[in-house]
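Heads up: the structure comes next, in structure tokens.
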Amino acid sequence: MFTIDTTRSRPFITDQEWKEARNSILKSSADLDARNGKGTEWLGWQDILKSPNDALLETMETIGSDIHRNADVFIICGIGGSYLGAKAVIDALIPEFQEEGPEIIYAGHQISGRYLKRLLDWLEKPKADGRKKEVYLNVISKSGTTMETAIAFRELRTWMHKTYGDDAITRIFCTTSKEGGALNKIIKAFGYRKFILPADIGGRFSVLTPVGLLPIAAAGIDVKRLYYGAVEAYRNLENSRDNLLDYTTARYALYSKGYSVDLLATFEPALVSMGGWLQQLYGESEGKNGKGLFPSVAQYSTDLHSLGQMVQDGKRNIIETFLTIQNPGQTMRVSPDPRNYDGLNYLADKSMEFINDKAFQGTVIAHQEGGVPILIGTLDKLDAESIGQAIYYFELATAIFVYSLGENPFDQPGVEAYKKAMYELLGKED
Ligand code: PA5
């Protein structure tokens, strides 16, 4: 079961600070359970795990495996909570280099014309055997109005209709709210297949709805195992929350005494996008009324050669949260070399996982000695079930922590400010 070890943060927190933070966190946890905190109309992310919808999982699996089988390219068109969860799971579980399954491409997550043009050129380019690419598209937008996603979808669906004619509607899948938004008008006009994101689940809490499940299934991942991993975490955390309450207590105590940055780091490249998902979950949930820990993502040991100096020795306002894997397996060993010019023979026959783990342990020791409180989250394995467990753990931790900040974890009013200024500059009328 996914847990977070707070031992290496405790030297930075006095008993009194711990006690005060704990009281606040216990109250937040109780408020959430009693459903009398802020934003209680947004707790559907818990309800879907309390009563799993197996028929929905079945549908996701069936359509996902059709796409997986037939697509050369599968495009996930969405921004923020509409794509980060799927990307986190896909990057964690799909091998970086493989021929099996569709090429997965993201779109609608920025406004770069260069990117979109290159993407359309890439779709147009025939396969090695001269045949045209089989392209499938999943557009995801809860509001159905987000400009980044809407522009990309307009261009992509136009390309799809031009390329496949009437068949385009069998290749385009839309995930949005039950009603409202421009996307619903488009779905109605063209007859695309639609999946619904329930009204009581916000974008960044939606990875276990069709928002995340369809793209994850299309990538070839077992969505039932992912989902039931989260269900298991839900049930366990309904029984006992001690570990999660320790984690949120440590984080809240550190925040309360002035720490302002939470660096989400991992030594496993496959987990970096989990950091990206968590960055949004924490960032949009916490960052309100001058409050919250700024979430940042680091890939180690790569970033030890860029951010490492700052973490070790810069302004002492950083806490570090690691994502690790208990059983990473053993993939390859360092080869012995009789000449040993590079002096690496002391590592000969050692597994890369062993070396990476020592790098992790050494970094933890150094950073803690340098004044950085450390929190260590551990997945049992790099598999769908463990990722599902971690997803629910972090969702619950977010809600409880943000209640202690006195804020609503489920809205994001600040995101509107840039949109308003941008629309004014663009001359949007309504
Ligand atoms: O968490 C959220 O609600 C946001 O990040 C949204 O997911 C993001 O802004 C995209 O919105 P939409 O799905 O409405 O296009």
Side-chain angles (χ1 to χ4, degrees), residues 38-39 41-46 48 75-89 106-111 116 137-157 172-187 192 194-216 273-288 292 294-295 297 391-392 394-399 401-402 407-423 428:
K38 291 185 178 172
E41 66 278 27
W42 295 89
L43 295 178
W45 50 278
Q46 291 191 299
I48 56 170
I75 303 170
I76 301 169
C77 183
I79 196 167
S82 287
Y83 91 108
L84 285 165
K87 186 169 192 313
V89 178
Y106 297 91
H109 57 315
Q110 25 77 350
I111 318 173
L116 192 54
L137 170 64
N138 183 195
V139 61
I140 306 152
S141 176
K142 180 168 188 189
S143 61
T145 56
T146 302
M147 195 186 79
E148 288 88 337
T149 304
I151 293 177
F153 184 48
R154 175 184 280 207
E155 301 307 326
L156 289 166
R157 75 171 180 274
I172 296 176
F173 300 88
C174 306
T175 309
T176 188
S177 297
K178 190 165 177 225
E179 294 162 336
L183 183 52
N184 267 314
K185 283 191 202 154
I186 296 171
I187 293 167
Y192 300 135
K194 168 178 162 177
F195 299 101
I196 294 172
L197 169 57
D200 56 358
I201 304 180
R204 60 190 173 275
F205 287 81
S206 69
V207 56
L208 299 171
T209 72
V211 167
L213 295 174
L214 182 60
I216 290 166
S273 299
M274 277 295 285
W277 169 77
L278 192 49
Q279 174 170 263
Q280 191 220 0
L281 187 66
Y282 280 173
E284 282 195 353
S285 303
E286 293 178 26
K288 284 153 203 171
F294 183 91
V297 180
I391 285 172
Y392 182 69
F394 280 119
E395 288 178 343
L396 183 60
T398 301
F401 182 85
V402 180
E407 298 297 332
N408 182 346
F410 310 114
D411 63 1
Q412 57 283 332
V415 180
E416 295 311 309
Y418 99 89
K419 292 185 192 168
K420 189 168 173 284
M422 174 179 72
Y423 290 143
K428 189 177 182 217

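Each ligand, and each atom within it, is numbered from 1 in the order the structure gives. Keep in mind the model is a prediction, meaning the values are calculated, not measured.
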Open item on the list: Heavy-atom count check: over 12 atoms from other residues, nucleotides or ligands less than 6.0 Å from Lys178 NZ?
Closed with: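 No - once you tally the heavy atoms of other residues, nucleotides and ligands closer than 6.0 Å, there are 12 at most.
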
Task: Test side chain to side chain contact (heavy atoms under 4.5 Å, CB included) applied to Met274 and Leu278, step by step - done: CA-CA 6 Å; Met274 277 295 285; Leu278 192 49; over 6 Å; no

- [ ] Establish, yes or no, whether a centroid distance under 6.0 Å links the rings of Phe205 and Trp45.
- [x]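 They qualify: ring centres under 6.0 Å apart.
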
Task: Salt-bridge contact Lys288-Asp411 (side-chain N to carboxylate O under 4.0 Å) - done: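 Salt bridge between Lys288 and Asp411, a charged N being under 4.0 Å from a carboxylate O: yes.
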
Open item on the list: Which label fits Phe394 and Tyr282: parallel for a plane angle under 30°, tilted from 30 to 60°, or perpendicular past 60°?
Closed with: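 Ring orientation, 0 to 90° scale: perpendicular.
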
- [ ] May I ask you to decide if the ring planes of Tyr192 and Phe153 are parallel, tilted or perpendicular, using 30° and 60° as cut-offs?
- [x]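 Perpendicular: the ring planes of Tyr192 and Phe153 meet at over 60°.
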
Any protein N or O within less than 3.5 Å of an N or O in ligand 1? List each pair with its distance, or say none.
residue, atom, partner, partner atom, Å
ligand 1, 1 (O), Arg204, N, 2.9
ligand 1, 1 (O), Arg204, NH1, 3.3
ligand 1, 1 (O), Gln280, NE2, 3.3
ligand 1, 1 (O), Glu284, OE1, 3.1
ligand 1, 3 (O), Gly203, N, 3.4
ligand 1, 5 (O), Gly81, N, 3.3
ligand 1, 5 (O), Gln280, NE2, 2.4
ligand 1, 5 (O), Glu284, OE1, 3.0
ligand 1, 5 (O), Glu284, OE2, 3.4
ligand 1, 7 (O), Gly81, N, 3.0
ligand 1, 11 (O), Thr146, OG1, 3.4
ligand 1, 13 (O), Ser82, OG, 2.6
ligand 1, 13 (O), Lys142, N, 2.7
ligand 1, 14 (O), Lys142, N, 3.3
ligand 1, 14 (O), Ser143, N, 2.8
ligand 1, 14 (O), Ser143, OG, 2.7
ligand 1, 14 (O), Thr146, OG1, 3.4
ligand 1, 15 (O), Ser141, OG, 2.6
ligand 1, 15 (O), Thr146, OG1, 2.5

